[in-house]
Amino acid sequence: MEKIQIIDAKKHVGEVVKIGAWVANKRSSGKIAFLQLRDGTAYFQGVVVKNDVSEEIFHLAKELPQETSIWVTGEIREDSRSKFGYELGVQEIEVVGESHDYPITPKEHGTEFLMDHRHLWLRSSKQHAIMQVRNEVIRATYEFFNARHFTKVDPPILTGSAPEGTTDLFETNYFDQKAYLSQSGQLYMEAAAMAFGKVFSFGPTFRAEKSKTRRHLIEFWMMEPEMAFMHQEESLQIQEEYVAFLVQNLLDHCDYALHVLDRDRTVLEKYTKLPYPRISYDDAVAMLQENGFDDIEWGEDFGSPHETFIANSFDQPVFILNYPKDIKPFYMKPHPTREDIVICADLIAPEGYGEIIGGSERATDYNYLLEQIRNYGLDEEEYSWYLDLRKYGTVPHTGFGLGLERTVTWLAGIEHVREAIPFPRLLNRIYP
Ligand code: 4AD
Ligand code: MG
């Protein structure tokens with residue numbers, strides 16, 4: 001008899017199969033018991049009919065506590081009434097691991113309680129669906145960049161520098177030196193782009209930000225492509241193609257997860273249409289001021305109400321271009337005709353999810369960068385390797401960083417970024 005995974009049920013209709021599963025939930029009436037089974041690939045129903053099984057099996061099925069692990073044998077049948085479309089006509093059950101007093105019951109629990117039990121909460125169908133979305137974004141990312149001849153390069157996590165500003169660094173001891181957990185792999189990716197042309201990284205980054213919002217994590221994953229011989233315009237096209245590709249793959253491969261999450265496919269379909277709208281920082285400020293935001297002046301960074309207003313004025317992701325130099329990192333390329341702005345763009349997700357991509361063209365001039373490093377109070381010695389990139393065959397280059405969890409939060413249509421990563425690190429939480 002074949003051992004299968006629930007997700008493959010449709011290939012085995014009419015066959016008797018064996019599945020290793022947990023009992024997520026159950027209900028029973030006199031002559032029938034319904035087991036909600038999960039094996040990590042999907043959830044479906046096992047139906048135990050009193051007259052079809054031994055008295056012992058029926059009794060066992062009715063008494064199985066939540067989260068007991070079992071080997072279950074039965075026949076796969078179509079079931080048009082369920083979201084999943086198939087069910088198991090149970091014949092045999094063998095208990096593998098007992099479970100008693102499982103803390104997360106089908107009733108409502110508060111978020112703090114669920115976060116304290118994150119190691120178990122991950123088993124629930126909504127969390128499962130979110131992780132399927134995350135997995136698809138990761139898979140599609142590799143497909144997109146590999147197809148375009150990007151090389152995956154892994155920057156270090158223990159670093160000596162602070163590319164995105166020195167205020168939110170995690171400091172640690174590196175023998176008799178200081179080190180920081182990486183805020184961004186960008187500077188190393190610039191070196192990699194000079195070696196391999198087009199590169200991308202995909203790994204954890206750390207920000208000791210004292211922000212307690214639904215968009216901020218302390219540890220999050222970032223996707224950072226860097227491209228040699230490329231100006232900003234071409235990068236913007238790659239960014240929008242990439243995001244539209246993520247949405248399309250989600251629609252193509254994650255129907256069941258989107259169903260569980262109640263995510264409206266017609267809303268997502270709008271995000272596959274290109275190009276995405278663009279607005280300059282200048283115009284965005286003017287637009288906000290005209291619409292009653294008297295708390296924003298030219299030169300200030302946007303807060304989430306500002307981003308949400310701008311996003312709601314379009315029904316697709318929107319690029320905000322060319323921010324003031326003073327609120328952006330040292331490495332961005334200065335504008336050719338204006339001293340006060342730099343060549344950069346943030347991509348703002350629709351529906352109030354905020355910034356999902358930050359990117360820019362990079363300054364290529366040795367002397368300009370040296371001056372910037374001094375102006376930003378950074379250690380010249382520490383950046384001498386970075387300056388070398390401008391000494392030996394410097395070229396126009398551009399890159400960006402997409403935050404994985406913010407993207408997943410948006411695509412899954414969930415409330416808070418903490419559910420978009422298996423074990424979130426938050427301002428007040430490093431457990432479990
Ligand atoms: O805009 P950021 O800070 O850009 C960089 O780090 C550049 N070095 C990227 C590059 O050009 N290679 O961060 C990029 C993205 C943001 O748009 C956001 O999606 C995400 O990373 N991000 C966070 N996500 C969750 N929690 C946080 N605290 C985040 N900070 C940034
Ligand atoms: Mg940013």
Side-chain angles (χ1 to χ4, degrees), residues 134 137 141 145 150 153 155 159 161-170 180-193 198-227 230 232 235-236 238-239 242-243 246 281 301-304 306-307 311 317-324 327-333 342-349 353-363 386 397-411 416-421 424-427 429:
R134 181 182 170 103
V137 170
T141 292
F145 288 100
F150 283 66
V153 172
T159 68
S161 62
E164 302 299 315
T166 47
T167 50
D168 54 8
L169 279 174
F170 271 107
Y180 311 100
L181 299 185
S182 176
Q183 292 176 305
S184 158
Q186 182 194 317
L187 304 192
Y188 302 96
M189 299 310 288
E190 288 186 53
K198 292 193 286 184
V199 293
F200 72 105
S201 67
F202 203 165
T205 47
F206 306 85
R207 306 261 170 112
E209 284 177 278
K210 296 247 157 61
S211 305
K212 217 176 152 182
T213 78
R214 65 191 192 93
R215 298 172 181 182
H216 284 89
L217 290 165
I218 304 300
E219 177 179 315
F220 64 98
W221 281 57
M222 214 198 308
M223 223 302 288
E224 293 190 275
E226 193 70 33
M227 299 150 292
M230 196 180 285
Q232 177 74 347
S235 173
L236 293 181
I238 290 179
Q239 291 174 44
Y242 168 45
V243 172
L246 295 179
Y281 170 87
D301 211 350
F302 297 132
S304 59
H306 306 123
E307 287 182 353
V318 52
F319 285 110
I320 304 179
L321 310 181
N322 303 346
Y323 284 70
I327 54 170
K328 287 294 181 185
F330 77 96
Y331 53 71
M332 291 187 180
K333 188 174 178 69
V342 282
I343 306 292
C344 65
D346 284 357
L347 184 65
I348 312 299
Y353 286 96
E355 177 198 329
I356 52 168
I357 291 182
S360 68
E361 187 159 338
R362 322 305 190 188
Y386 182 70
H397 62 290
T398 169
F400 63 94
L402 170 134
L404 173 61
E405 291 77 14
R406 286 203 195 160
T407 304
V408 169
T409 305
W410 163 52
L411 294 176
H416 199 298
V417 73
R418 67 186 162 217
E419 292 183 40
I421 186 165
R425 309 289 85 159
L426 300 164
L427 195 53
R429 179 177 295 280

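Every number for a ligand or one of its atoms is a count from 1 in the order of the listing. When a residue number appears, it is its place in the shown sequence, counting from 1. Everything numeric in this text was worked out from a predicted model, so none of it was measured.
Smallest separation of non-hydrogen atoms from L426 and H216: CD2-O, 3.9 Å. Taking all atoms of both residues into account, the shortest heavy-atom contact from H416 to T409 is C-CG2, 3.9 Å. Across Q183 and M222, no two heavy atoms sit closer than the pair O-CE, 3.6 Å. Closest approach of G359 to Q232, counting heavy atoms only: O-NE2, 4.3 Å.
Nearest non-hydrogen protein atom to atom 26 (N) of ligand 1 is L217 N, 2.9 Å. Ranking protein heavy atoms by distance to atom 15 (C) of ligand 1, first place goes to G401 O, 3.6 Å. Closest to atom 13 (O) of ligand 1, if we only count protein heavy atoms, is R207 NH2, 3.8 Å. Among all non-hydrogen protein atoms, the one lying nearest atom 21 (O) of ligand 1 is F220 CE1, 3.4 Å. Nearest protein heavy-atom neighbour of atom 18 (C) of ligand 1: R406 NH1, 3.6 Å.
Below 3.5 Å of separation, one finds no N or O of E226 facing any N or O of ligand 1. Any N or O atom pair closer than 3.5 Å counts here, and G359 shares no such pair with ligand 1. Any N or O atom pair closer than 3.5 Å counts here, and S360 shares no such pair with ligand 1. When only interatomic distances are considered, the shortest N/O to N/O separation between Q183 and ligand 1 does not fall below 3.5 Å. On a distance-only criterion, I356 and ligand 1 share at least one N/O pair closer than 3.5 Å.
Residue contacts with ligand 1 for E209 involve side-chain atoms from C-beta outward but no N, CA, C or O (heavy atoms, distance under 4.0 Å). At a heavy-atom cutoff of 4.0 Å, ligand 1 is contacted by both the backbone and the side chain of E355. For E224, every heavy-atom contact with ligand 1 shorter than 4.0 Å involves the side chain, none the backbone. When non-hydrogen atoms are compared, ligand 1 lies under 4.0 Å from the side chain of R362 (C-beta onward) but not from its backbone. At a 4.0 Å heavy-atom cut-off, ligand 1 does not touch I218 at all.
Note on ligand 1: R215 sits in its first shell, one or more heavy atoms being nearer than 4.0 Å. Heavy atoms of V417 stay at 4.0 angstrom or farther from ligand 1. For the ligand labelled ligand 1, residue M332 lies outside the 4.0 Å heavy-atom shell. Taking 4.0 Å as the cut-off, E405 does not count as a neighbour of ligand 1 on heavy-atom distance. For Y331, the closest heavy-atom approach to ligand 1 falls below 4.0 Å.
Numbered from 1 in the order shown, with element, the atoms of ligand 1 that lie under 4.0 Å from a heavy atom of G403 read 15 (C), 19 (O), 20 (C), 21 (O). Listed by number with element, the atoms of ligand 1 under 4.0 angstrom from any heavy atom of I357 are 17 (O). Which parts of ligand 1 touch G358 is read off a 4.0 Å heavy-atom cut-off, strictly below it: atoms 1 (O), 9 (C), 10 (C), 11 (O), 17 (O).
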Chi angles and distances behind the salt bridge (charged side-chain N to carboxylate O under 4.0 Å, His left out) call for E405, R134: CA-CA 8 Å; E405 291 77 14; R134 181 182 170 103; 2.9 Å; yes
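F220 is listed as a side-chain neighbour of R207, based on a closest heavy-atom distance under 4.5 Å.
Panel note: side chain S211, backbone T213; no donor-acceptor pair is recorded below 3.5 Å.
Below the 2.8 Å limit, the Mg ion (ligand 2) has as protein N, O or S neighbours E355 OE2.
A donor-acceptor pair shorter than 3.5 Å can be found between the side chains of Y331 and Q186. Judged by distance alone, the side chains of E361 and S235 never bring a donor and an acceptor atom under 3.5 Å apart.
Taking the six-membered ring where tryptophan is involved, the planes of F150 and F200 are perpendicular, since the angle between them exceeds 60° and thus also 30°.
Remark: aromatic rings of F206 and Y180 are distant, center separation not under 6.0 Å.
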